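Structure first, then comments.
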Amino acid sequence: MKILFCGPTLPDAQALIGTDIVLRPPAVQGDILRATQDGATVIGLVDGHFEQVAPVWHKEILFALSQGVGVYGAASMGALRAAECAAFGMVGVGKIYQQYAAGELEDDADVALLHGPAELGYMPLTLPLVNVVATLEDLCARQKIDPAPAAQLRLAAAEIFYKHRSWRAIVARADLPTGTDLKRIEACLSTGTINQKRLDALQLIDILRSAPALRSTAPEGWTFNSTSLWKRLLNQLVASS
């Protein structure tokens, strides 16, 4: 069984994955463990909750890997955890993962955005920094914007809390030369937005489709050790099931 944890990054995930992959909502602590115990052979992690709930724990990813489950991550929480757990066998996918793995991105909030509920299709209300960066890089490459103002826009975007980040807020905050046509800049950014999170999530789905639907041997070089905290999570999972 292949399982994908996804939500606001790819609101139309169910239509894209068909029946070969089981879609579950953004993951919280215990969900990767639960998927492993449910018999998952492959797990794809894109979205996960944080801030108000306990996020996906690295230990449960290590447990899944120790059981021979293929664990892949991309785009959002998945890219973060993949960069942190790559040495143990978790596979990172996409540009955002590569940026975290290389240290170009460091903050968890760089992939965060404010969005509506699942019932409204996870409608995005703010911009994640990773999409801002991808957009500015693309516009510079196509010579739609000069490197100097692009650098100021990126700096401004990084300074704005993720729940307040929008193109309008970014342009208003950026230290752009006097006389800059702010409305033109904002329109250029809005029409040229690159949704890098979506692109990476689509790449992950392609990999999940082709991944063998069976567990492999456990990775060599390390051993999963059960701790008191781990046993506590197991007990909580049993109590909630």
Side-chain angles (χ1 to χ4, degrees), residues 1-28 31-36 38-50 55-58 60-65 67-102 104-105 108 110-113 115 118 121-122 124 127-131 133-135 137-138 193-216 219:
M1 176 172 57
K2 300 178 181 181
I3 295 177
L4 172 66
F5 291 95
C6 194
T9 295
L10 212 59
D12 54 344
Q14 187 62 72
L16 295 170
I17 63 176
T19 59
D20 294 335
I21 301 172
V22 176
L23 179 64
R24 292 189 178 180
V28 298
D31 283 347
I32 300 296
L33 169 58
R34 184 176 289 105
T36 303
D38 287 345
T41 55
V42 179
I43 296 173
L45 176 61
V46 171
D47 291 314
H49 289 295
F50 71 107
V56 170
W57 192 18
H58 305 77
E60 57 188 304
I61 294 174
L62 298 184
F63 175 72
L65 293 169
Q67 300 301 301
V69 179
V71 185
Y72 300 81
S76 194
M77 176 68 74
L80 281 166
R81 289 295 181 262
E84 294 160 342
C85 297
F88 301 96
M90 185 174 179
V91 179
V93 177
K95 183 176 181 179
I96 295 169
Y97 158 73
Q98 293 170 358
Q99 290 172 322
Y100 274 115
E104 297 172 18
L105 296 174
D108 292 9
D110 290 348
V111 292
L113 78 159
H115 58 81
Y122 297 106
L127 281 167
L129 184 62
V130 290
N131 286 357
V133 172
T135 300
E137 289 178 346
D138 178 70
T193 298
I194 301 295
N195 191 342
Q196 191 62 50
K197 292 183 68 173
R198 180 178 179 84
L199 294 174
D200 287 5
L202 291 173
Q203 187 178 346
L204 176 62
I205 287 177
D206 286 340
I207 290 175
L208 292 184
R209 284 200 187 99
S210 60
L214 48 85
R215 295 189 180 187
S216 61

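As the structure is a prediction and not an experimental result, all values here were calculated from the model.
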Would you check if L65 and M90 make a side-chain contact, meaning some heavy-atom pair closer than 4.5 Å? yes

Counting only N and O atoms by type, is there a donor-acceptor contact under 3.5 Å from the side chain of N131 to the main-chain atoms of Q196? yes

Whether the side chain of R81 engages the backbone of V56 through a donor-acceptor N/O pair (distance < 3.5 Å, no angle test) should be reported. yes

Minimal non-hydrogen separation, D108 against L80, with atom names: OD1-CD2, 3.6 Å

Using atom types as modelled and distance alone, determine if a side-chain donor or acceptor of T41 lies under 3.5 Å from a backbone N or O of M1. yes

Please report the shortest heavy-atom distance between P124 and L113, naming the atom on each side. CB-CD1, 3.8 Å

Which atoms form the tightest heavy-atom contact between A27 and L45, and what is the distance? CB-CD1, 3.9 Å

Would you call R215 and V69 a side-chain contact if the rule is heavy atoms closer than 4.5 Å? yes

Step-by-step side chain to side chain contact (heavy atoms under 4.5 Å, CB included) determination, T36 to E60: CA-CA 9 Å; T36 303; E60 57 188 304; over 6 Å; no

Note: P8 and H115 closest approach over all heavy atoms is CG-NE2, 3.6 Å

Between C6 and D47, is there a side-chain heavy-atom distance shorter than 4.5 Å? yes

CD1 on I17 to CG on D12, rounded to 0.5 Å: 10.5 Å

So L204 and L4, do their side chains get closer than 4.5 Å, heavy atoms only? yes

What pair of heavy atoms forms the shortest contact from A82 to G92, and how long is it? CB-CA, 3.6 Å

Provide the closest heavy-atom pair for V42 versus P212 in the form atom of the first, atom of the second, distance. CG2-O, 3.4 Å

Is any side-chain heavy atom of Y97 closer than 4.5 Å to one of D200? no

Do L199 and K95 come within less than 4.5 Å of each other through their side chains, counting heavy atoms only? no

Quick one: does K197's side chain have a donor or acceptor within less than 3.5 Å of a partner on S76's backbone? no

Worked check of side chain to side chain contact (heavy atoms under 4.5 Å, CB included) between D31 and R24: CA-CA 9 Å; D31 283 347; R24 292 189 178 180; over 6 Å; no

For the atom pair CD (Q14) and CG (L16), what is the distance rounded to the nearest 0.5 Å? 9.5 Å

I'd like to know whether Y100 forms a side chain to side chain contact (heavy atoms under 4.5 Å, CB included) with D110, so could you lay out the CA-CA distance, the side-chain angles of the two residues, the decisive distance to 0.1 Å, and finally the verdict. CA-CA 10 Å; Y100 274 115; D110 290 348; 3.4 Å; yes

CH2 of W57 to CG of L33: how many Å apart, nearest 0.5 Å? 9.5 Å

CD1 on I21 to CD1 on I43, rounded to 0.5 Å: 12.5 Å

Contact between M77 and P26 at the side-chain level, heavy atoms closer than 4.5 Å - yes or no? no

Heavy atoms, side chains only, cut-off 4.5 Å: are L10 and L202 in contact? yes

